[in-house]
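FYI, the numbering just counts along the sequence from 1. On a predicted model such as this, the values are computed, not experimentally measured, just so you know.
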Amino acid sequence: QVQLLESGGGLVQVGGSLRLSCAASGRTFSNYNMAWFRQAPGKEREFVAAISWSDGSTYYADSVKGRFTCSRYNAKNTVFLQMNSLKPEDTAVYYCAAVENRGYFPLSRNQYNYWGQGTQVTVSS
């Protein structure tokens, strides 16, 4: 089975930066889309960013455009989420997700087949 393991979460002050990593294993991901979701207490899990393994194309939620950058290191089946200019509203558990490439970027959590266990990001205010 596909396994996803997030790391890099922690506590950071407003305006600070943090980089999350998602290491994927179990099979090739050459035809997969990877994504980051986040879920704050009492809220629905929301889409943050996505990246295609095939060409590295990305897509971002409006709330993080210009602040977050998603990238990949194909040789190690790892995707990254560089988070800059962090805000208190970025506080959440961040999850890595994967789905077979459908020719578009799914934005709903129900469209992703594989999930990591999450890593906590807390931005102090």
Side-chain angles (χ1 to χ4, degrees):
Q1 294 183 334
V2 172
Q3 293 185 340
L4 305 175
L5 179 61
E6 304 96 335
S7 62
L11 176 64
V12 65
Q13 294 184 352
V14 172
S17 298
L18 208 59
R19 190 180 79 161
L20 305 183
S21 299
C22 175
S25 62
R27 62 177 296 171
T28 179
F29 288 85
S30 60
N31 196 38
Y32 274 72
N33 286 335
M34 308 293 292
W36 291 95
F37 285 75
R38 65 186 183 186
Q39 187 168 21
K43 294 185 177 181
E44 295 288 332
R45 191 171 299 185
E46 66 174 352
F47 172 83
V48 176
I51 186 168
S52 170
W53 278 112
S54 61
D55 61 7
S57 60
T58 55
Y59 187 84
Y60 300 95
D62 289 341
S63 60
V64 304
K65 286 181 179 178
R67 300 189 299 119
F68 291 10
T69 302
C70 192
S71 61
R72 76 201 199 283
Y73 184 9
N74 288 357
K76 293 190 175 183
N77 288 335
T78 302
V79 297
F80 305 96
L81 184 67
Q82 178 66 47
M83 305 185 294
N84 299 325
S85 302
L86 284 163
K87 306 174 181 178
E89 52 263 42
D90 295 319
T91 295
V93 176
Y94 283 70
Y95 297 90
C96 182
V99 67
E100 293 85 352
N101 194 335
R102 301 175 182 177
Y104 62 95
F105 285 117
L107 304 181
S108 172
R109 66 177 182 177
N110 295 327
Q111 297 176 287
Y112 286 83
N113 298 329
Y114 308 104
W115 293 86
Q117 295 183 355
T119 184
Q120 177 70 49
V121 172
T122 302
V123 184
S124 63
S125 60

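- Atom CG of Asn33 and atom OG of Ser54 lie 7.0 Å apart (nearest 0.5 Å).
- Contact record, Ser17 with Gln82: CB-NE2, 3.9 Å, taken as the closest heavy-atom pair.
- With hydrophobic clusters built from ILVMFWY side chains whose heavy atoms lie under 4.5 angstrom apart, Val14 shares a cluster with Phe68.
- Cluster annotation: Trp36 is connected to Leu86 through the hydrophobic network of ILVMFWY side chains, with a link wherever side-chain heavy atoms come within less than 4.5 Å.
- A pairwise comparison of heavy atoms in Cys70 and Ala49 identifies CB-CB, 4.2 Å as the closest pair.
- Counting all heavy atoms, side chain and backbone alike, Gly8 lies closest to Leu18 at O-CG, 3.4 Å.
- When hydrophobic clusters are built by joining Ile, Leu, Val, Met, Phe, Trp and Tyr residues whose side-chain heavy atoms come closer than 4.5 Å, directly or via intermediates, Leu20 is grouped together with Val12.
- No continuous path of hydrophobic side-chain contacts links Val99 to Trp53 [ILVMFWY only; heavy atoms under 4.5 Å].
- Smallest separation of non-hydrogen atoms from Arg102 and Gln111: NH2-O, 3.1 Å.
- Using a 30° and 60° split on the angle between ring planes, Phe47 and Phe37 fall in the perpendicular class, above 60°.
- A single hydrophobic cluster is not seen to contain both Tyr73 and Val2; linkage of ILVMFWY side chains at heavy-atom distances under 4.5 Å, directly or through other members, places them apart.
- Scanning all heavy atoms of the two residues, the minimum distance from Tyr94 to Leu81 falls at CD2-CD2, 4.1 Å.
- In terms of heavy atoms, Thr91 sits closest to Val123 at OG1-N, 2.9 Å.
- Counting only distance, with no hydrogens or angles, the side chain of Glu6 and the backbone of Gln117 share a donor-acceptor pair below 3.5 Å.
- Cation-pi geometry between Arg19 and Phe80 is met: the NZ or CZ atom falls under 6.0 Å from the ring centre, inside 45° of the normal.
- Counting non-hydrogen atoms of neighbouring residues, nucleotides and ligands closer than 6.0 angstrom, the CD atom of Gln13 reaches no more than 12 such neighbours.
- No donor-acceptor distance shorter than 3.5 angstrom exists from the side chain of Arg38 to the backbone of Val121, with no hydrogens or angles considered.
- Ring planes of Trp115 and Tyr95: perpendicular class, angle over 60° (limits at 30 and 60°).
- No more than 12 heavy atoms of other residues, nucleotides or ligands shown are found within 6.0 angstrom of NZ on Lys43.
- Salt bridge annotation for Asp90-Lys87: absent, with no cationic side-chain nitrogen under 4.0 angstrom from a carboxylate oxygen.
- The OG1 atom of Thr69 sits 11.0 Å away from the CE atom of Met83 when rounded to the nearest 0.5 Å.
- The OG1 atom of Thr78 sits 10.5 Å away from the CG atom of Leu4 when rounded to the nearest 0.5 Å.
- Using a 4.5 Å heavy-atom threshold, the side chains of Phe105 and Ser52 count as touching.
- Judged by distance alone, the side chain of Tyr60 and the main-chain N or O of Arg67 form no donor-acceptor pair under 3.5 Å.
- Using cut-offs of 30° and 60° on the angle between ring planes, the pair Tyr114 and Tyr32 is tilted.
- Counting non-hydrogen atoms of neighbouring residues, nucleotides and ligands closer than 6.0 angstrom, the CD atom of Gln3 reaches no more than 12 such neighbours.
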